[in-house]
Amino acid sequence: MTQPPIESFEESLRGLVECQLPRLFAVMQVYRENENAWVAAWGLRFDDGRVEVTSVDGGRRLRLRSLRLAAVPFQRDPDISTRLIWADPDHEPTEPGETAEPALAG
């Protein structure tokens, strides 16, 4: 049995990576009426809907079943709202029944 050319195999590997690539997003905290904002956490959303989020200070690590839950732990202060911002807006994933809009108000 002959092996496929290395280039063809590498292309197959690249295709597997691209179709299973988790999508990167930031959990943004916004102070009052858009007076200030900062990244509170980074997250990955996998094709099966699972989400992993890590706060920028490393103090929180979350494994969630839904993207909708990703911002909840960062909404404790009434003057702060949260938004999810995709690192690659051309590939905004959605969950069944969701729109592509990632922003979640706190």
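Residue numbers count from 1 along this sequence.
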Arg23 to Leu21 - nearest heavy-atom pair and separation: NH1-CD2, 2.9 Å

Distance, nearest 0.5 Å, that separates CD1 of Ile80 from CG of Asn36: 9.5 Å

Pairs meeting criterion salt bridge (charged side-chain N to carboxylate O under 4.0 Å, His left out) with involvement of residues 31-43, two or more places apart: Arg32-Asp79

ILVMFWY network linking Leu44 to Val56, side-chain heavy atoms under 4.5 angstrom: yes

Shortest non-hydrogen contact from Gln20 toward Asp47: CA-OD2, 3.7 Å

Distance-minimising heavy-atom pair for Arg45 and Phe25: N-CE2, 4.1 Å

Partners passing side chain to side chain donor-acceptor pair (under 3.5 Å) against Arg60 (at least two apart in sequence or in another chain): none

Contact summary for Ala41 and Val53, nearest pair of heavy atoms: CB-CG1, 3.6 Å

Sequence neighbours excluded - ring pair (Phe, Tyr, Trp, His ring centres under 6.0 Å) pairs with any residue from residues 31-60: none

Partner residues of Asp57 under the side chain to side chain donor-acceptor pair (under 3.5 Å) criterion, sequence neighbours left out: Ser55

Shortest non-hydrogen separation from Val51 to Ser66 and the atoms involved: CG2-C, 3.9 Å

Table please: side-chain donor-acceptor pairs of residues 12-19 below 3.5 Å, with sequence neighbours left out.
| unit_1 | atom_1 | unit_2 | atom_2 | d |
| --- | --- | --- | --- | --- |
| Ser12 | OG | Ser8 | O | 3.2 |

Side chain to side chain donor-acceptor pair (under 3.5 Å) partners for Asp77, two or more places apart: none

Non-hydrogen atoms of Leu62 and Pro73 that approach each other most closely: CD1-CG, 3.5 Å

Side-chain donor or acceptor of Gln29 paired with backbone N/O of Phe74 under 3.5 Å: yes

Hydrophobic cluster membership, Leu69 vs Trp86, 4.5 Å side-chain cutoff: yes

ILVMFWY cluster, Leu84 and Val30 together (side-chain gap under 4.5 Å): no

Distance, nearest 0.5 Å, that separates CD of Glu52 from CZ of Arg63: 4.5 Å

